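Below is one structure, written out as structure tokens; the observations come after it.
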Amino acid sequence: MRIELRDTPFDPWGELAAHEQAQVGLTGQFGACATFVGSLRDLNLGDEVHGMTLEHYPGMTERELGRICTEAAGRWELLDQLVIHRVGAIEPGEPIVLVAAWSRHRREAFEACRALMEALKSRAPFWKKEHLADGERWVDGNTAGY
Amino acid sequence: MRIELRDTPFDPWGELAAHEQAQVGLTGQFGACATFVGSLRDLNLGDEVHGMTLEHYPGMTERELGRICTEAAGRWELLDQLVIHRVGAIEPGEPIVLVAAWSRHRREAFEACRALMEALKSRAPFWKKEHLADGERWVDGNTAGY
Amino acid sequence: MSVTVKFFASLKEQLGCDGATVEIGEVATAADIWLQATGGKPMPPNILVSINLEYCDRNCPVKPGDEVGFFPPVTGG
Amino acid sequence: MSVTVKFFASLKEQLGCDGATVEIGEVATAADIWLQATGGKPMPPNILVSINLEYCDRNCPVKPGDEVGFFPPVTGG
């Protein structure tokens, strides 16, 4: 299980490749890996988005993400979990979040990956501020997850 | 939408990176990418698996995968889909299948990715033969997906 | 007129044969084709059938020139 | 004894302040801390509260040395 906050852009596919290579003991054990990457769209609510600033609560964010992963590990038979989340200034098209779950069978990986994302969005203390052509605005809620 | 059968090992994360780079028009449009990678475990039903041969029905397999992707595109608002599936001789730890769905919001990506995998497993004409220490056996069914 | 028949996976091994070309009359179903291609063996209940690369029922009509596939439940992914 | 208060995101901007140190008596709730830190402003109904990095109810008791966070609904991911 690895949880990381990043203040610079990251490549989710490179991270996944490196993570699997580092977890050599996992190869051959997992039959399923479900992942989700959330990225910054250049359009939201009809407005062009020029960028975003992601604020978080240092300490609490990591703690809450750890709790979310521990809860998932108690609910599903998971072999590994990876969460990477950006903080700071983000450009359109850049990844914001990567969540991955490895398990023996696909049901567990799919369910855990989606549940991790929903828990992250509803509980982890992050706040998004969008930069528009004519100013800034705080994002005031999430789109429906189910 | 891209569907490929491969008779040699593939790197799912490298494929995803290359696919996104080639689809330049997508960057900034999608907010969500859900992926699934199925790999060959080195243990199944209590037996060590030394390898696998994946047989398919050339022509029908591609056609059925295309139909599955087209159905998903009709059901969810997807921006892109990618399916890569191995055929031939596979070693434990190697990826068998990669499915990815890109969309504006996460609900569509999660649901489409999982539905694509379930449809693939129940309809695409592939057959797995496991190589064990003391012989071979055809896999005679799928584990439950839901 | 002839129909191309293909067998796959465990079925191919059980029959010891990956396909055949069979002659049909004007009216034939996939099940008729099976009987002709296998020398009258009963079709196992779980066998799936395709005509021209699309799933179909074993009672679907087959036309001359069609390709008929018979195979066990699929196990990809 | 003192309590550390932190404000985040839109709340921080509205209050024009990212935190404070407030003095409390022996018995205080998070809501009491809010009133003291904001000079008596009413707490908006959607504000979330944490004590020592864990979510809690606004009526939870606060001890000297605690860190109390106040923030709007979260929007990560």
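Chain naming here is simple, since letters A, B, ... match the order of the sequence lines and numbering starts at 1 in each. What you see is a predicted model; the values in this text were computed from it and never measured.
Put simply, the side chain of Val74(C) does not reach to within 4.5 Å of the side chain of Phe126(B), judged on heavy atoms. Within the 4.5 Å cutoff, side-chain heavy atoms of Pro72(C) are placed close to those of Trp127(B). Looking at heavy atoms from C-beta onward, Ser50(C) lies in side-chain contact with Tyr57(B) at the 4.5 angstrom threshold. Using a 4.5 Å cut-off on side-chain heavy atoms (C-beta onward), Thr75(C) and Asp140(B) make no contact.
Of the inter-residue distances, the one linking Arg63(B) atom CZ with Tyr55(C) atom OH reads 12.5 Å to the nearest 0.5 angstrom.
For Ser122(B), the part sitting under 4.5 Å from any heavy atom of chain C is the backbone (N, CA, C, O) and nothing else. At a 4.5 Å heavy-atom cutoff, the contact between Asn52(C) and chain B is made by backbone atoms alone.
Ranked by non-hydrogen atom pairs under 4.5 Å with chain C, the options Val83(B), Asn142(B), Leu98(B) are led by Asn142(B). Of all the listed residues (Gly69(C), Gly76(C), Pro73(C)), the one sharing the greatest number of non-hydrogen pairs under 4.5 Å with chain B is Gly76(C). Of the listed residues (His56(B), Arg86(B), Lys121(B), Met117(B)), the one with the most heavy-atom contacts under 4.5 Å to chain C is Lys121(B).
Across Glu64(B), Arg67(B), Met60(B), a single residue satisfies side chain to side chain contact (heavy atoms under 4.5 Å, CB included) together with Glu54(C), and that is Arg67(B).
Surrounding CZ of Arg6(B) are more than 12 heavy atoms belonging to other residues, nucleotides or ligands, all under 6.0 Å away. More than 12 non-hydrogen atoms from other residues, nucleotides or ligands lie less than 6.0 angstrom from CD of Glu71(B). The environment of Glu23(C) atom CD is dense: over 12 non-hydrogen atoms of other residues, nucleotides or ligands sit within 6.0 angstrom. Remark: Glu77(B) CD is loosely packed, at most 12 non-hydrogen atoms of other residues, nucleotides or ligands lying under 6.0 Å away.
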